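Below is one structure; the comments refer to it alone.
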Amino acid sequence: MFNGKVAIITGAAQGVGAAFATRLALEGCKVVLTDQQEKIQTVASTLGASYHVGNVADATHVKSVVDATVSDFGTVDILINNAGEVLPTGPSDDWNKSLQDFDQIFGSNIKGTFLFGRAVAPIMIKQNSGEIINVSTDHVKPAPGSNRHHGHGHMDLYNASKWALNGLTFDWAKALADYNIRVNNLCIGATDTEMLRSWSGSNPDPKLVNTWMKPEETAEVLVQLLLEGSKGRTGDNIGLYAGHPCVLPKAEE
Ligand SMILES: NC(=O)c1ccc[n+]([C@@H]2O[C@H](COP(=O)([O-])OP(=O)(O)OC[C@H]3O[C@@H](n4cnc5c(N)ncnc54)[C@H](O)[C@@H]3O)[C@@H](O)[C@H]2O)c1
């Protein structure tokens, strides 16, 4: 099904992005990887993939990744906006720190998605098909019975940036539906990656770590979502939760 499909995956040097890249390459996609870390080169060479080093919030970088992809492979079928960052932030932070944190978090989590979306949309419209998947969080789509909507108290910018993804995803889903382009948010919960490990302190309790999802499990759900094809759900927030079966939920009515 994916044989020869061209997929751009951002933030693919480690964690969820690396698992998505590995799985899509295994499924026969031509994968193009980006990350701000040089070690993206190692992931890419293992997969025989193309790679680019740069910041997703940099319009020149984004344009050059998309232009190079079209020039090398002719098109872009799948875009996975996975790159993201978290920092501890809150309303009583120092003014200058807050300004810096805002630019960094919104740059990685929103501007990058916005830029890649804008750069690939005309290509997908022209070919009358496409898949855009934005990686969000279960803070936006909490597990049934959980009260995470009530906030955390120390991640206002992260949460605001991920809620802002809804604006792009829902609007793009509407605007692009006539061109058989689907746009969905994968709202993942606690997943065992460098991000969550460093957020949880240097030595997280192994019992807790055991409850976290594995990046490879979220990659399986990504594949299931892509397999729905152009008649599948669009404009959906798809929740995956630690401690629950990591499976593609039914589409929302
Ligand atoms: N791990 C979790 O528990 C969890 C939970 C909810 C959502 N998420 C989301 O999943 C996505 C992947 O997270 P992860 O856990 O694999 O994190 P990670 O930190 O392990 O990997 C993220 C990758 O994105 C890259 N990146 C970040 N900002 C970038 C930028 N501006 N330009 C280019 N590359 C950039 C990093 O260099 C890194 O390689 C993120 O969007 C994150 O918010 C993760």
Side-chain angles (χ1 to χ4, degrees), residues 8-23 32-44 51-62 64-65 79-89 100-116 133-143 146 148 152 155 157-166 168-169 184-201 204 208-219 221-222 237-244 246:
I8 296 177
I9 301 145
T10 70
Q14 62 188 38
V16 171
F20 284 177
T22 305
R23 183 62 193 271
V32 177
L33 313 183
T34 80
D35 205 287
Q36 62 193 357
Q37 299 187 74
E38 295 283 344
K39 71 175 183 179
I40 187 68
Q41 188 177 351
T42 315
V43 180
Y51 73 93
H52 303 264
V53 179
N55 185 340
V56 294
D58 172 359
T60 308
H61 164 68
V62 172
S64 76
V65 171
L79 168 66
I80 301 181
N81 284 309
N82 164 77
E85 283 188 274
V86 65
L87 292 171
T89 63
Q100 234 177 355
D101 288 348
F102 182 92
D103 285 346
Q104 188 173 337
I105 297 284
F106 273 70
S108 297
N109 297 3
I110 273 293
K111 193 174 178 193
T113 298
F114 156 71
L115 290 171
F116 268 103
I133 288 144
N134 300 326
V135 180
S136 187
T137 161
D138 64 346
H139 304 177
V140 173
K141 169 94 177 175
S146 149
R148 286 203 182 119
H152 293 73
M155 39 198 334
L157 294 178
Y158 180 80
N159 285 338
S161 69
K162 293 295 189 182
W163 276 91
L165 280 176
N166 285 338
L168 297 180
T169 299
N184 288 293
N185 282 340
L186 209 46
C187 299
I188 65 176
T191 306
D192 189 357
T193 66
E194 284 82 343
M195 177 189 277
L196 187 55
R197 280 181 181 259
S198 56
W199 181 261
S200 311
L208 175 67
V209 171
N210 238 349
T211 66
W212 294 346
M213 293 180 285
K214 305 280 172 283
E216 296 73 21
E217 293 178 284
T218 63
V221 176
L222 168 74
N237 270 333
I238 298 157
L240 301 179
Y241 309 112
H244 294 243
C246 185

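This structure is a prediction, so every number in the text was calculated from the model and none was measured. When a ligand or atom number is given, it counts from 1 through the structure's own listing order.
Checking only distances, Y158 does come within under 3.5 Å of ligand 1, N or O to N or O. Residue-to-ligand polar distances place V56 within reach of ligand 1: an N/O pair is separated by less than 3.5 Å. Considering backbone and side-chain N/O of V16, one or more are found under 3.5 Å from N/O of ligand 1.
The distance from ligand 1 to the heavy atoms of Q37 drops below 4.0 Å at these ligand atoms: 36 (C), 37 (O), 38 (C), 39 (O). Close contacts of ligand 1 with N55, meaning ligand atoms under 4.0 Å from a residue heavy atom, involve 30 (C), 31 (N), 32 (N). With ligand atoms numbered from 1 in the order given, ligand 1 contributes 28 (N), 29 (C), 30 (C), 31 (N) to contacts under 4.0 Å with heavy atoms of S108. Numbered from 1 in the order shown, with element, the atoms of ligand 1 that lie under 4.0 Å from a heavy atom of L196 read 3 (O). For ligand 1 and A190, the ligand atoms under 4.0 Å from any heavy atom of the residue are 3 (O). Interface atoms of ligand 1 facing A13, defined by a heavy-atom separation under 4.0 Å, are 39 (O). Residue contact check: G15 has heavy atoms under 4.0 Å from atoms 16 (O) of ligand 1.
Ranking the protein heavy atoms by distance from atom 37 (O) of ligand 1 puts D35 OD1, 2.6 Å first. Looking from atom 18 (P) of ligand 1 to the surrounding protein, the closest heavy atom is Q14 NE2, 3.3 Å. Nearest protein neighbour of atom 40 (C) of ligand 1, counting heavy atoms only, is N82 O, 3.2 Å. Summary of contacts: the protein heavy atom closest to atom 17 (O) of ligand 1 is M195 CB, 3.2 Å.
Around atom 33 (C) of ligand 1, the closest heavy atom drawn from G54, G11, G17 belongs to G54. Of the listed options E85, H52, E194, Q36, Q36 places a heavy atom closest to atom 30 (C) of ligand 1.
The two residues C246 and L240 have their closest heavy-atom pair at SG-CD1, 4.3 Å.
Contact annotation: G189 has at least one heavy atom less than 4.0 Å from an atom of ligand 1. Within the structure, ligand 1 lacks P215 among the residues with a heavy atom less than 4.0 angstrom away. Between K162 and ligand 1 there is a heavy-atom distance shorter than 4.0 Å.
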